[in-house]
Amino acid sequence: MARITLAELQPLMEQFAGGGTVLSCYADLGVREGFRPNWEAPFKAGADALWKAVGEDGRARRELTENLSAVRRALEAAAGTARWTAVFSATERGFFRAIPLDVPVGTELVLDRSPYLVPLLGAIHRRREYLAVHTDTHRGRLYAVTPAAARLLAAVEGDVPKHQHSAGERYGYGQATIARHREERVTQYHKELAREVEKAWGANGFAGIVLIGEHEVLEHFRAELPPRLAARVIHTMPGAWTDEPAQTEDEVRSVGAELFDEQEAEVAPEFWDLLRQGKAVTGKEAVLSALQSGRIGAAGHGYLVLGPDSREVVGRCAACRTLSAEPFGACPRCQTPSVPGNLWEEVLLTALQHGITIRFVSDPRKLDPYGGAVAVLPKLAPKEKGV
Ligand SMILES: [Zn+2]
């Protein structure tokens, strides 16, 4: 998947009104060796729960049958092309959308009058891509890596003469010259590779650099990287050069998945201190007001920290989209009546529109005492390293 833009979300946003229901499905399309796809069992359990929920209403049952089979077909078709996916089906409205995801999501089915976007918006916020560089002394490949896949960005080949092994000849002036000449060429090649890395880094918002190769070669190469990029090397791993990029891609992808998990689990340690000291903004209403007043801000380094979706309701102004804690009240800004929406969905969307960083804490107990949502204002948030 490429980065999903707000414009691409628009067709889904338009499904917040309409006849009938929308079936939203998130699925883990992975397959554990030799077994059924990961999504099958939770999909079946989810479908059973929905059958119970719709009861005996013939029309609702027909609609659910159609939506479930449309979604199931999409999941079967997506096998092997995507690692995770989001699928939305509303047959009554003739609406269908499948979006491949490269961020882990669990399998779940949600039936509602509007699409359930929390996991999708979360995936957009959580998305991280790494730049992996596989190199030896004279050739290299650059990959963009997500937990789902490694994509080849560029290949670089240097003009480096082979090692000279002339048996019987003693190490002499000639050989020293050849060795020096070779070393210069290796350096030239590493400089060229560093330029490619710089180009790729500038064009994408990578979360870090992974270097793959022999230790000595990597140390040599790292010295050619500009210091600001060398500082972004978050992982190095051994890896012999291979003419089979597929093999490297597989290894790199699994390292990408591990790094992703590590970084995702990491909330700035200062955050917990601020929280304990009562310096962070906590609770639904206070967080909403901080979010909408621009006090968190993209330019500053404030951020939001969210626990799992609490399925709480928020009021969204039908005219200006202003959010308020009161789902059926009048909009605090323009007095238009509000309509109820999902609190997490609206917060994620607003943060996305304003470029506000969100960190996620998956253990619900950790943020529960704070209403599940916390805002750290810029004056308290230290500038994150390298951002
Ligand atoms: Zn309003």
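Remember, it's 1-based here, ligands and their atoms both numbered in the order they're listed. The structure displayed is predicted, hence computed values, not measured ones.
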A.B. asks: Does CD in Glu285 sit with more than 12 non-hydrogen atoms of other residues, nucleotides or ligands closer than 6.0 Å?
C.D. replies: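 Atom CD in Glu285 is not packed in, count stays at 12 or less.
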A.B. asks: Given the rule in the side chain to side chain donor-acceptor pair (under 3.5 Å) test, do Gln353 and Thr350 qualify, once you have shown the distances and angles that lead to the verdict?
C.D. replies: CA-CA 5 Å; Gln353 283 159 340; Thr350 307; 4.5 Å; no
A.B. asks: If we ignore angles and hydrogens, is there a donor and acceptor under 3.5 Å between the side chains of Tyr116 and Asp309?
C.D. replies: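 Side chains of Tyr116 and Asp309: pair found under 3.5 Å.
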A.B. asks: Could you work out the complete set of other residues in the hydrophobic cluster of Leu111, with links drawn between I, L, V, M, F, W and Y side chains under 4.5 Å apart?
C.D. replies: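 Besides Leu111, the cluster holds Leu23, Leu29, Trp39, Phe43, Leu50, Trp51, Val54, Leu64, Leu68, Val71, Leu75, Val87, Phe96, Leu109.
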A.B. asks: What protein N/O/S atoms are found closer than 2.8 Å to the Zn ion (ligand 1)?
C.D. replies: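 Near the Zn ion (ligand 1), the protein supplies Cys317 SG, Cys320 SG, Cys331 SG, Cys334 SG.
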A.B. asks: Going by the ring pair (Phe, Tyr, Trp, His ring centres under 6.0 Å) test, which pairs reach into residues 184-209, not counting sequence neighbours?
C.D. replies: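 Counting only pairs at least two positions apart or across chains, the ring pair (Phe, Tyr, Trp, His ring centres under 6.0 Å) contacts touching residues 184-209 are His190-His220, His190-Phe221.
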A.B. asks: Pairs in or reaching into residues 132-159: which pass ring pair (Phe, Tyr, Trp, His ring centres under 6.0 Å), with residues at least two apart or in two chains?
C.D. replies: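 Output for this query lists His134-Trp241.
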